[in-house]
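A short worksheet on the structure shown next.
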Amino acid sequence: MQNIHSLGTEGLRWKLNLIDIILLAAALGIDCLIVSFSQGLMLKKDRWKNSLLLAVTMGAFQGFMPVIGYTGADIIKVYVSKFAPLFAFAIFFILGIKFITEAFQEKENTVLCLDFKCLISLGVATSIDALMAGASLNFTGSGLVIPSLVIGAASFCMSLAGFQSGNFLKNFSSRNLEIAGGMILILLGIKSILPVF
């Protein structure tokens, strides 16, 4: 399932296959789902309009941030290419631990706000992890276009589903989703380092 290719003196790197990309997109989309779910609990008017606004914002930021991370990694890759699998592992592992840690932390009350400024703030806040994931895509030698599109599309769909399910799942705990997302990221990190050994 995993693709390993030679990089000459740089050793072996593992590329994300389609299943890995979908898992990564699902893990990154969990923040979008949770934020949209909390907004959907409170917003009663113009639900479809507001859910689409939020979903488009989430999808756009989640899809674009990996491009920035990927491009930024290009700048330093020439100096650290020998250790690229270790960088990919570290990023995925740290993101995974972050997700799991945050699952057990008290959440602040969500501000009910969907004007332009709030949408941009929510988009940036939920997509920082996607920026880091973009660097990992570079360090693993994976492509950029398909993963970015999949991440953006998954975040759009998860945001839309989260918002619209706000009325039906009022007592749902997001903790298990965050833990699952963290475990997926850690497993992707472990998989990225296996070809080195």
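This chain uses plain numbering: 1 for the first residue, then up along the sequence.
Within the 4.5 Å cutoff, the side chain of Ile151 has heavy atoms near those of the Pro66 side chain. Between Asn17 and Ile21 there is no side-chain heavy-atom pair separated by less than 4.5 Å. Glu178 is listed as a side-chain neighbour of Ile34, based on a closest heavy-atom distance under 4.5 Å. Looking only at side-chain heavy atoms (C-beta outward), Trp48 and Gln164 come within less than 4.5 Å of each other. With a 4.5 Å cut-off on side-chain heavy atoms, Phe92 and Leu24 count as touching.
With sequence neighbours excluded, the residues satisfying ring pair (Phe, Tyr, Trp, His ring centres under 6.0 Å) with Phe89 are Phe93. Shown here are the side chain to side chain contact (heavy atoms under 4.5 Å, CB included) partners of Ala27, two or more places apart in sequence or in another chain: Ile184, Leu185. Residues satisfying the ring pair (Phe, Tyr, Trp, His ring centres under 6.0 Å) criterion with Phe64, sequence neighbours excluded, are absent altogether. Not counting sequence neighbours, the partners of Phe156 by the side chain to side chain contact (heavy atoms under 4.5 Å, CB included) test are Leu52, Ala55, Val56, Leu160.
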For a quick test of your reading: what N or O donor-acceptor pairs under 3.5 Å do the side chains of residues 119-134 make, sequence neighbours left out?
residue : atom : partner : partner atom : Å
Ser121  : OG   : Lys117  : O            : 2.9
Thr126  : OG1  : Leu122  : O            : 2.8
Thr126  : OG1  : Gly123  : O            : 3.3
Ser127  : OG   : Gly123  : O            : 2.7
Ser127  : OG   : Val124  : O            : 3.3
Asp129  : OD1  : Lys98   : NZ           : 3.2
Asp129  : OD2  : Lys98   : NZ           : 3.4

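Here Leu149 sits in one hydrophobic cluster together with Val145; the rule is ILVMFWY side chains under 4.5 Å apart, joined directly or through other members.
For the atom pair NZ of Lys15 and OG of Ser192, the computed distance is 15.0 Å after rounding to the nearest 0.5 Å. Atom CD1 in Ile179 sits 10.0 Å away from atom OG1 in Thr101 (nearest 0.5 Å). The line from CG of Leu95 to CG of Leu28 is 7.5 Å long, rounded to the nearest 0.5 Å. In this structure, the separation between OG on Ser148 and CD1 on Ile68 is 10.5 Å, given to the nearest 0.5 Å. Atoms CG and CD1, from Leu137 and Ile91 in turn, are 9.5 Å apart once rounded to the nearest 0.5 Å. Leu23 CG to Leu187 CG: the interatomic distance, rounded to the nearest 0.5 Å, is 9.0 Å.
Among residue pairs with one or both ends in residues 147-165, none qualify as salt bridge (Lys or Arg N to Asp or Glu O under 4.0 Å); sequence neighbours excluded. For residues 55-75, every residue pair satisfying the side-chain hydrogen bond (donor to acceptor under 3.5 Å, both in side chains) rule, not counting sequence neighbours, is listed here: Gln62-Ser155, Asp74-Asn138. Evaluation of the salt bridge (Lys or Arg N to Asp or Glu O under 4.0 Å) test over residues 133-153, restricted to residues two or more places apart or in two chains, returns none. Pairs engaging residues 57-68 under the salt bridge (Lys or Arg N to Asp or Glu O under 4.0 Å) rule: none recorded [sequence neighbours left out]. Pairs engaging residues 25-36 under the side-chain hydrogen bond (donor to acceptor under 3.5 Å, both in side chains) rule: Ser36-Ser159 [sequence neighbours left out]. Pairs passing the salt bridge (Lys or Arg N to Asp or Glu O under 4.0 Å) check and including a residue from residues 138-148, sequence neighbours excluded, do not occur.
Ser38 and Val35 make their closest contact through OG-O, 2.7 Å (heavy atoms, listed as atom of the first residue, atom of the second, distance).
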> Can you check side-chain contact (heavy atoms from CB on, under 4.5 Å) on Phe163 and Asn50, steps first, answer last?
Replying inline: CA-CA 9 Å; Phe163 191 101; Asn50 287 322; 3.9 Å; yes
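For Ile146, the CD1 atom is loosely surrounded, since the number of other residues' heavy atoms within 6.0 Å does not exceed 12.
Two different hydrophobic clusters hold Ile94 and Met183 under the rule that ILVMFWY side chains link at heavy-atom gaps under 4.5 Å.
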